[in-house]
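Below, chain A is the first sequence line, B the second, and so on; all start at residue 1.
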Protein chains: 2
Amino acid sequence: MSETNETLEEVCRTLEQLYDDEDPTAGLEQRRPNEDAVETQATVFGALANDHRIRVLEALREGELCACELQVVLEAPQSTVASHLRTLRDAGLVKSRKKGKWTYYRIADTAVLELLDLATAVAVPEND
Amino acid sequence: MSETNETLEEVCRTLEQLYDDEDPTAGLEQRRPNEDAVETQATVFGALANDHRIRVLEALREGELCACELQVVLEAPQSTVASHLRTLRDAGLVKSRKKGKWTYYRIADTAVLELLDLATAVAVPEND
DNA sequence: AGAACAAATCGAACATACACGATATGTCTG
DNA sequence: CAGACATATCGTGTATGTTCGATTTGTTCT
């Protein structure tokens, strides 16, 4: 039940021996992704990688809220909330709409909600 | 075409006036998400929020690779690659398999690939 | 056993991210 | 227009993340 893995090991070794003085990247350079895509992904995931910002997005699931309401949801100072909202907006995760004194925020794309749902589905191992 | 938004504004104002000495959280506490879910999401997104780690995952799309191959893909020192792989494994994004001298890494769950795809779909606004 | 290699861990320098008070900008209301 | 309020921005102390040389651990081969 383990013989199927032998071939892979051989491939790994073979590659190293074949390209001794040549470019050692072998066939691996084809595994390198598009630069712009990586940048977008890193921006998006970076914006999602924060407790407060996740809470904001979850709160916006059921519809838009103004900044002052999000302040209540987060139980955090105004300036803290404002800076998180800016991060989310810069990453394209939320859109804002100004209405008089208030600024209303809403989820920019359903993809954002799908991202949130998928992340909860991942099984994070507990490290003792 | 803009009158539907008036009601929301009124609600916001009404809530503040109603609960003057009471708990000001109004109906907003229902918008607060589950604590454990947020922690999982933050862990997952935190692990995804890095160029090198995204490249690793993209490289693993087509099948498992050993650490030394990933080192070639990333064009980074061994210790750097190793620490990123540890981060990915701790977050549950990849699984590892030891075979003799080598450690092979693979995507832990198809949800990880879906996360990567969804992130590229988000339209990040360019800030001038 | 000892040389050669893969990989994990450690540690310290360096870089980013975050929190949040203070302050500035913009808007409604009397 | 003054005063109250909603937000955005700025500045700075602090926390967290990243890099990577050096070292350690583990495995294979001779």
Next item on the list: Take nucleotides 11-21 of chain C nucleotide by nucleotide from the 5' end and write B, S or -, depending on whether a protein heavy atom sits under 4.0 Å from the base, only from the sugar-phosphate, or from neither.
Entry: -------SSBB
For the pair made of [atom1] in [X] and [atom2] in [N], what is the distance, rounded to whole Å?
X: Leu88(B); N: dT18(D); atom1: CG; atom2: C1'; answer: 14 Å
X: Glu69(B); N: dA6(C); atom1: CD; atom2: P; answer: 11 Å
X: Gln78(B); N: dT25(D); atom1: CD; atom2: P; answer: 15 Å
X: Asp90(A); N: dA8(D); atom1: CG; atom2: P; answer: 11 Å
X: Gln71(B); N: dT19(D); atom1: CD; atom2: P; answer: 14 Å
X: Arg89(A); N: dA8(D); atom1: CZ; atom2: C1'; answer: 9 Å

Check: Reckon Ala67(A) touches a base, only the sugar-phosphate, or nothing at all at heavy-atom distances under 4.0 Å?
Finding: sugar-phosphate
Margin query: Heavy-atom nearest nucleotide on DNA chain C for Gly100(A) versus Lys98(B): which residue maps closer to 5'?
Written below: Lys98(B)
Report all interatomic pairs (protein N or O, nucleotide N or O of nucleotides 12-15 of chain D) with separations under 3.5 Å.
none

Note to self: Starting the side chain at C-beta, find the nucleotide from dA6(C), dA8(C), dC5(D) nearest to Lys101(A).
What the structure shows: dC5(D)
Note to self: If you only use heavy atoms from C-beta on, which nucleotide in dA22(D), dT7(D), dA6(C) is closest to the side chain of Trp102(A)?
What the structure shows: dT7(D)
Does [N] have OP1 or OP2 under 4.0 Å away from a side-chain N or O of [X]?
X: Tyr105(A); N: dA8(D); answer: yes
X: Arg86(B); N: dT9(C); answer: yes
X: Tyr104(A); N: dT7(D); answer: no

Check: Does the pair Arg53(B) and Leu48(B) meet the rule for a side chain to side chain contact (heavy atoms under 4.5 Å, CB included), with working shown?
Finding: CA-CA 6 Å; Arg53(B) 292 194 293 270; Leu48(B) 288 166; over 6 Å; no
Check: Heavy-atom count around Arg86(A) CZ within 6.0 Å, excluding the residue itself: above 12?
Finding: no
Note to self: For the backbone of Val72(A) and the side chain of Glu75(A), can you confirm whether one donor and one acceptor N or O come within less than 3.5 Å of each other?
What the structure shows: no
Checklist line | Main-chain N/O of Val73(B) paired to Arg32(A) side chain as donor or acceptor, under 3.5 Å | finding: yes
Checklist line | Relative orientation of the end axes in the helix from dA1(C)-dT30(D) to dG30(C)-dC1(D), expressed as an angle to the nearest 10° (five pairs per end) | finding: 30°
Check: Hey, what's the ring geometry for His84(A) with His52(A), parallel, tilted or perpendicular (30° and 60° as the breaks)?
Finding: perpendicular
Item checked: From Arg106(A), Arg97(A), Lys95(A), residue fulfilling side chain to side chain donor-acceptor pair (under 3.5 Å) relative to Glu64(A) -> Arg97(A)
Notebook entry, point to check: Charged N to carboxylate O under 4.0 angstrom, Arg55(B) versus Glu35(A)?
Noted result: yes
